[in-house]
There are 2 protein chains.
Amino acid sequence: MHAPTSSRISLLSHSVQPSLPDAFDPAPLQPVSFFPAGAEIYAQGEKAGAFYQVEFGAVRIYRLLADGRRQISTFHLAGETFGFEADATHHFFAEAINATAVGVLRLTTGADMSRQLLPLALKGLTRAQEHLLVLGRQNAIERVAAFLVDMAERQGGLRQVELPMSRMDIGDYLGLTIETVSRVFTRLKDKGVIRLLNLRSIEIVKQDVLQTMGE
Amino acid sequence: MHAPTSSRISLLSHSVQPSLPDAFDPAPLQPVSFFPAGAEIYAQGEKAGAFYQVEFGAVRIYRLLADGRRQISTFHLAGETFGFEADATHHFFAEAINATAVGVLRLTTGADMSRQLLPLALKGLTRAQEHLLVLGRQNAIERVAAFLVDMAERQGGLRQVELPMSRMDIGDYLGLTIETVSRVFTRLKDKGVIRLLNLRSIEIVKQDVLQTMGE
DNA sequence: CGCCTGATTGAACAGGTTCAAAACCAGTGG
DNA sequence: CCACTGGTTTTGAACCTGTTCAATCAGGCG
């Protein structure tokens with residue numbers, strides 16, 4: 001496991017409790033922890049008790065099978081919140097995809113906390129259930145299309161989309177191999193639906209076509 | 001849309017608000033609504049604003065693609081609660097699988113409500129994310145094994161498991177066709193892992209083997 | 001400039017789907 | 001009680017999409 005640039009443990013056990021900011025507050029939370037690319041933020045089985053807001057960078061949440069197969073359930077981009085669990089244990093792994101900063105908040109058990117967390121939990125639940133439809137019933141092209149549309153929306157609906165993650169990550173998110181992801185990108189490019197500006201950024205040329213494919 | 005045996009609308013718009021029972025209370029909630037097999041409890045796009053607890057029977061929660069492909073995200077058995085949404089709109093369909101009774105509760109916006117709902121939402125989130133691993137990374141035999149183990153656990157861990165739903169429902173839950181589901185059942189039977197007592201109930205003979213296959 | 005990792009492309013393969021037919025089961029009526 | 005009937009499930013065979021294995025290509029960093 002990688003160590004974050006500023007010790008995670010010391011921050012989590014920080015004895016001075018900062019005043020509770022609004023979970024939706026776009027301003028940075030305190031304290032902030034930094035993780036280099038690939039660093040583990042928490043592991044499955046670890047004790048939970050904090051939650052996190054991405055300041056910059058990107059985070060992948062995933063689970064593993066015994067033989068190493070991996071399923072990424074969500075990516076979290078700047079501004080998004082993650083880390084809340086049904087019980088005191090983390091059921092998933094969280095890793096920084098790139099150099100990432102996350103605001104860390106210890107959980108209190110207040111009613112306010114519930115009121116703030118519930119909308120986030122419900123939104124996450126809806127997203128997860130929508131992703132089930134993609135994995136259970138859509139083919140490779142539809143999966144990639146849905147992924148690109150989602151990423152574009154989360155980045156403000158611009159034509160140009162930044163993909164902070166590798167093909168491997170995309171594959172493990174969409175239940176595909178890297179080869180298939182790569183082939184689908186090529187296919188979409190040849191059809192003139194997208195343009196590959198470089199490995200990590202694409203331009204959506206035919207928004208409507210992509211939209212239709214992914215639903 | 002099927003009409004429930006006692007009108008859903010009249011129950012939902014019931015002007016007398018019963019005292020709020022504990023969401024975890026195993027005793028029947030009031031009022032109770034009855035639905036015959038296949039009846040719609042709510043539809044995607046409908047206004048949300050109530051939640052439900054299964055008294056007896058079983059419920060499927062699902063989403064559709066434009067061409068009719070269906071993904072069931074969850075089954076709810078007796079005692080389980082469903083129907084909470086991220087906003088005022090239902091994002092999924094809910095249908096009775098068999099003759100089913102559900103307790104109906106109108107939502108209030110209190111802090112108590114948040115505190116009661118949050119654990120349910122978080123549990124649902126964890127379940128959905130675990131199901132993502134099944135759909136994204138497991139093959140047909142592993143999916144069915146995981147499903148049977150889950151159903152067995154939810155029925156008290158007994159050897160004999162009742163499957164209230166059709167092969168079609170199981171397929172749409174596991175992202176498989178009915179033919180594949182049927183073939184896997186046959187394969188598991190031939191291996192001596194399960195016995196098919198009748199179409200809707202199976203006996204788990206080799207619990208350990210099934211367990212290992214599904215993880 | 002060269003190396004090393006990640007991405008792309010190619011060809012053979014396999015698991016699950018599709019299409020089709022037979023078997024089974026539950027419910028109904030004689 | 002049994003036969004009929006409609007729908008569901010099982011079984012079979014051909015097919016297809018995505019995987020696997022392998023080689024080439026590209027790009028970032030020392």
Side-chain angles (χ1 to χ4, degrees), chain A residues 36-38 58 60 65 67-72 95 97-99 134-148 162-191 194-202 213, chain B residues 36-38 60 65 67-72 97-99 134-148 162-191 194-202 213:
Chain A
R60 58 180 167 244
L65 288 170
D67 61 2
R69 281 175 289 175
R70 183 179 70 156
Q71 178 64 41
I72 294 178
E95 278 177 7
I97 293 174
N98 298 308
V134 175
L135 295 190
R137 286 298 177 216
Q138 296 196 291
N139 63 27
I141 248 208
E142 293 170 325
R143 292 184 200 202
V144 172
F147 168 69
L148 291 178
E162 300 303 318
L163 305 177
M165 69 292 287
S166 68
R167 299 289 186 268
M168 171 107 279
D169 284 339
I170 297 174
D172 283 351
Y173 176 69
L174 296 177
L176 300 170
T177 60
I178 52 178
E179 292 94 332
T180 300
V181 171
S182 179
R183 278 184 252 268
V184 170
F185 275 172
T186 304
R187 208 128 61 87
L188 289 174
K189 185 194 67 182
D190 293 348
K191 281 184 171 186
I194 62 172
R195 288 205 302 158
L196 301 171
L197 307 180
N198 63 59
L199 281 179
R200 296 290 173 100
S201 65
I202 65 117
M213 285 196 294
Chain B
R60 57 179 170 245
L65 288 170
D67 61 2
R69 281 175 289 176
R70 183 179 71 158
Q71 178 64 42
I72 295 178
I97 293 174
N98 297 308
V134 174
L135 295 190
R137 287 299 178 215
Q138 296 197 290
N139 63 26
I141 251 210
E142 293 170 325
R143 293 183 198 203
V144 172
F147 169 69
L148 291 177
E162 300 303 318
L163 305 178
M165 69 293 286
S166 68
R167 299 289 185 268
M168 171 108 278
D169 284 339
I170 297 174
D172 283 350
Y173 176 69
L174 296 177
L176 300 171
T177 60
I178 53 178
E179 292 94 331
T180 300
V181 171
S182 179
R183 277 185 252 269
V184 170
F185 275 173
T186 304
R187 207 127 61 88
L188 289 173
K189 186 193 69 182
D190 292 348
K191 280 184 170 185
I194 62 172
R195 289 204 304 158
L196 302 171
L197 306 179
N198 63 59
L199 282 179
R200 297 289 172 100
S201 65
I202 66 118
M213 284 196 295

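These numbers come from a predicted model, not from an experiment. Just so we're on the same page: letters track the sequence lines, and every chain starts at 1. The figures that follow rest on heavy atoms only: side chains count, while hydrogens, waters and symmetry mates do not.
- Here the C1' atom of nucleotide C:dG6 and the CD1 atom of A:Ile170 are 12 Å apart, to the nearest Å.
- For the pair A:Phe185 and A:Leu148, the minimum side-chain heavy-atom distance is below 4.5 Å.
- In this structure, B:Leu135 atom CG and C:dG16 atom C1' are separated by 15 Å, rounded to whole Å.
- Across all their heavy atoms, B:Ile97 and B:Ala37 have their closest contact at O-CB, 3.5 Å.
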Donor-acceptor contacts under 3.5 Å from residues 163-172 of chain A side chains, at least two apart:
| unit_1 | atom_1 | unit_2 | atom_2 | d |
| --- | --- | --- | --- | --- |
| A:Ser166 | OG | A:Met168 | N | 3.4 |
| A:Ser166 | OG | A:Asp169 | N | 3.2 |
| A:Arg167 | NH1 | A:Leu199 | O | 3.0 |
| A:Arg167 | NH2 | A:Leu199 | O | 3.2 |
| A:Asp169 | OD1 | A:Arg60 | NH1 | 3.3 |
| A:Asp169 | OD1 | A:Arg70 | NH2 | 2.7 |
| A:Asp169 | OD2 | A:Arg60 | NH1 | 2.9 |
| A:Asp172 | OD1 | B:Arg137 | NH2 | 2.7 |
| A:Asp172 | OD2 | A:Arg70 | NE | 2.6 |
| A:Asp172 | OD2 | A:Arg70 | NH2 | 3.0 |

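- What separates CZ of A:Arg167 from P of C:dT9 is a distance of 11 Å, to the nearest Å.
- Per the geometry, CZ belonging to B:Arg69 stands 9 Å off P belonging to C:dT18, to the nearest Å.
- The local environment of CZ in A:Arg200 is crowded, with over 12 non-hydrogen atoms from other residues, nucleotides or ligands closer than 6.0 Å.
- Atom CZ in B:Phe185 sits roughly 12 Å away from atom C1' in D:dT10 (whole-Å rounding).
- Note: B:Ile202 CD1 to B:Lys189 NZ = 12.5 Å, rounded to the nearest 0.5 Å.
- Within the 4.5 Å cutoff, no side-chain heavy atoms of B:Val144 are placed close to those of B:Arg187.
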For every nucleotide of nucleotides 25-30 of chain D, 5' to 3': is a protein heavy atom under 4.0 Å from its base (B), only from its sugar-phosphate (S), or from neither (-)?
------
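- One interatomic measurement links the two molecules: CD of B:Glu142 to P of C:dG15, which rounds to 12 Å at whole-angstrom precision.
- In this structure, the side chains of B:Ile141 and B:Lys191 come closer than 4.5 Å at one or more pairs of heavy atoms.
- Atom CG of B:Asp169 and atom P of D:dT8 are 11 Å apart (whole Å).
- Within the model, atoms CG of A:Leu196 and OG1 of A:Thr186 stand 7.0 Å from one another, a figure rounded to the nearest 0.5 Å.
- Residues B:Ala146 and B:Val134 approach most closely at CB-CG2, 4.3 Å, considering heavy atoms.
- A heavy atom lying under 4.0 Å from DNA chain C marks the following residues of residues 174-184 of chain B, by number: B:Gly175, B:Leu176, B:Thr177, B:Glu179, B:Thr180, B:Arg183.
- Atoms CG (A:Leu196) and P (C:dG6) sit 19 Å apart, rounded to a whole Å.
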